[in-house]
Undergrad: 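Dropping the structure in here first, questions after.
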There are 2 protein chains.
Amino acid sequence: MDAAKILKKRGLRITKIRVAILETLAANLQALPYSKLQKDLSRFDRTTLYRTLLILRDKGFIHKALEEKGESYYALCSNCTSSMHNHNHVHFKCNRCSTVQCLHITNKLDLSIPKISINSIEIIAKGTCSACLLAD
Amino acid sequence: MDAAKILKKRGLRITKIRVAILETLAANLQALPYSKLQKDLSRFDRTTLYRTLLILRDKGFIHKALEEKGESYYALCSNCTSSMHNHNHVHFKCNRCSTVQCLHITNKLDLSIPKISINSIEIIAKGTCSACLLAD
DNA sequence: ACATAAATGCAACAATGTTGCATTAATAAT
DNA sequence: ATTATTAATGCAACATTGTTGCATTTATGT
Ligand SMILES: [Mn+2]
Ligand SMILES: [Mn+2]
Ligand SMILES: [Zn+2]
Ligand SMILES: [Zn+2]
């Protein structure tokens, strides 16, 4: 994963923190909680982290997989662009180890409610992850 | 809605803030953001609000309908008890006016993913509410 | 009315969100 | 390669929410 190349290709300046965030997320299979990013990237000012996460989100590089108990979990996007955001896959949180992962299962759920117009549907599954199941 | 009676029936002490929270939530069709509760109930210390929300949640009187952008939305439970919590209905957020509501549609979605064990599924729909649709 | 357990208010601190502004860094132009 | 331009960064500052300990007050059973 060449974060610099990807940034350039999509018209963003290559900066240290952008490369670092993308590489940190790419190095993990799971979505990472903000607090973990904060710790791992503490060499950068936290305001910069904050603003960079906003930009990378806006530009379709990353998305918030889950927000729970005041903790936000971030993951790389697979197919988003600045103009097209598409996160209609399932998010899973393990109740044991608190890891969060994107399950790349297309969310085909289609709700229809009288009088309201639904644009997007988010599905969050909770349970026990494979690692925790093995550790039983 | 007699909050005091309900509290007593379920073995909780009747205190001002408990009654106030339950009545505030009952007076609204929507889930209320924490900030709104905070404002409406500012006659109480915010620590007490914090702890009371925890207790009412734990005892099955209220639930967190949604947590987004650092704002938690609370709503009354319909059928929960201290020992049985059941919030498997759909939550809806209007992208225009930011209101959140519980859609009492039983969530019959049933996901099955190899190697992980799913205990609960949460569905969050976003779009435009009826009020905002009318205001077009 | 009193005893007792529970709830409250207040102080204190941590974490995260958020903005303004001066400085620095990344890229484009020369 | 140097310079100009624009964007990104770091720092200060403040707001909101979460969280705990502890002394005081309140709700309830006797
Ligand atoms: Mn995801
Ligand atoms: Mn609900
Ligand atoms: Zn796990
Ligand atoms: Zn609306």
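Naming convention: chains lettered A, B, ... in sequence-line order (proteins, then strands); numbering from 1 in each chain. Below, each value reflects all heavy atoms present in this structure, side chains not excepted, and no hydrogens, waters or symmetry copies.
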Undergrad: Using a 4.0 Å heavy-atom cut-off to protein, can you give one letter per nucleotide of nucleotides 4-13 of chain C, 5' to 3': B if the base is in contact, S if only the sugar-phosphate is, - if neither?
TA: -BSSSBBBB-
Undergrad: Kindly calculate the angle separating the two end axes of the helix from C:dA1-D:dT30 to C:dT30-D:dA1, each obtained from five base pairs, and round it to 10 degrees.
TA: 30°
Undergrad: For residues A:F61 and A:R18, determine if any side-chain heavy atom of one lies less than 4.5 Å from a side-chain heavy atom of the other.
TA: no
Undergrad: Within residues 66-74 of chain B, which residues have any heavy atom lying less than 4.0 Å from an atom of DNA chain D?
TA: B:E71
Undergrad: Is there a chain of hydrophobic side chains (I, L, V, M, F, W, Y, each step under 4.5 Å between heavy atoms) that links A:I105 to B:I116?
TA: yes
Undergrad: Rounded to whole angstroms, how far apart are CD1 on B:I14 and C1' on D:dT26?
TA: 13 Å
Undergrad: Judged by modelled atom types alone, do B:H85 and B:H87 share a side-chain donor-acceptor pair under 3.5 Å?
TA: no
Undergrad: What are the two closest heavy atoms between B:C129 and B:C94, and how far apart are they?
TA: N-SG, 3.4 Å
Undergrad: Whole Å only: how far is the OH atom of A:Y34 from the C1' atom of C:dG17?
TA: 8 Å
Undergrad: Can A:L66 be reached from B:I123 by stepping across I, L, V, M, F, W or Y side chains whose heavy atoms are under 4.5 Å apart?
TA: no
Undergrad: If you compare every side-chain N and O of B:Y50 against the phosphate oxygens of D:dT19 (OP1, OP2), does one of them come in below 4.0 Å?
TA: yes
Undergrad: Where do A:A75 and A:C102 come nearest, in terms of heavy atoms and distance?
TA: CB-SG, 3.7 Å
Undergrad: What is the distance, rounded to the nearest whole Å, between atom CG of A:L53 and atom C1' of D:dT9?
TA: 14 Å
Undergrad: What I'd like to find out is whether the side chain of B:Y34 reaches to under 4.5 Å of the side chain of B:L49, using heavy atoms alone.
TA: yes
Undergrad: Testing the basics here: between B:A20 and B:R43, what is the closest heavy-atom pair and its distance to 0.1 Å?
TA: CB-NH2, 3.5 Å
Undergrad: Do A:F92 and A:L109 sit in the same hydrophobic cluster, where Ile, Leu, Val, Met, Phe, Trp and Tyr count as joined when their side-chain heavy atoms come under 4.5 Å apart?
TA: yes
Undergrad: Separation of B:Q38 atom CD from D:dA15 atom C1', in whole Å?
TA: 12 Å
Undergrad: Figure out the NZ/P separation between B:K39 and D:dT16, and round it to whole Å.
TA: 10 Å
Undergrad: Going through the distances and angles, do B:D136 and B:R96 end up as a salt bridge (charged side-chain N to carboxylate O under 4.0 Å, His left out)?
TA: CA-CA 11 Å; B:D136 254 344; B:R96 301 257 190 106; 3.2 Å; yes
Undergrad: Are B:E68 and B:K126 within salt-bridge range, i.e. N to O under 4.0 Å?
TA: yes
Undergrad: Both B:L54 and B:K8 contact DNA chain D. Which one's nearest nucleotide lies toward the 5' end?
TA: B:L54
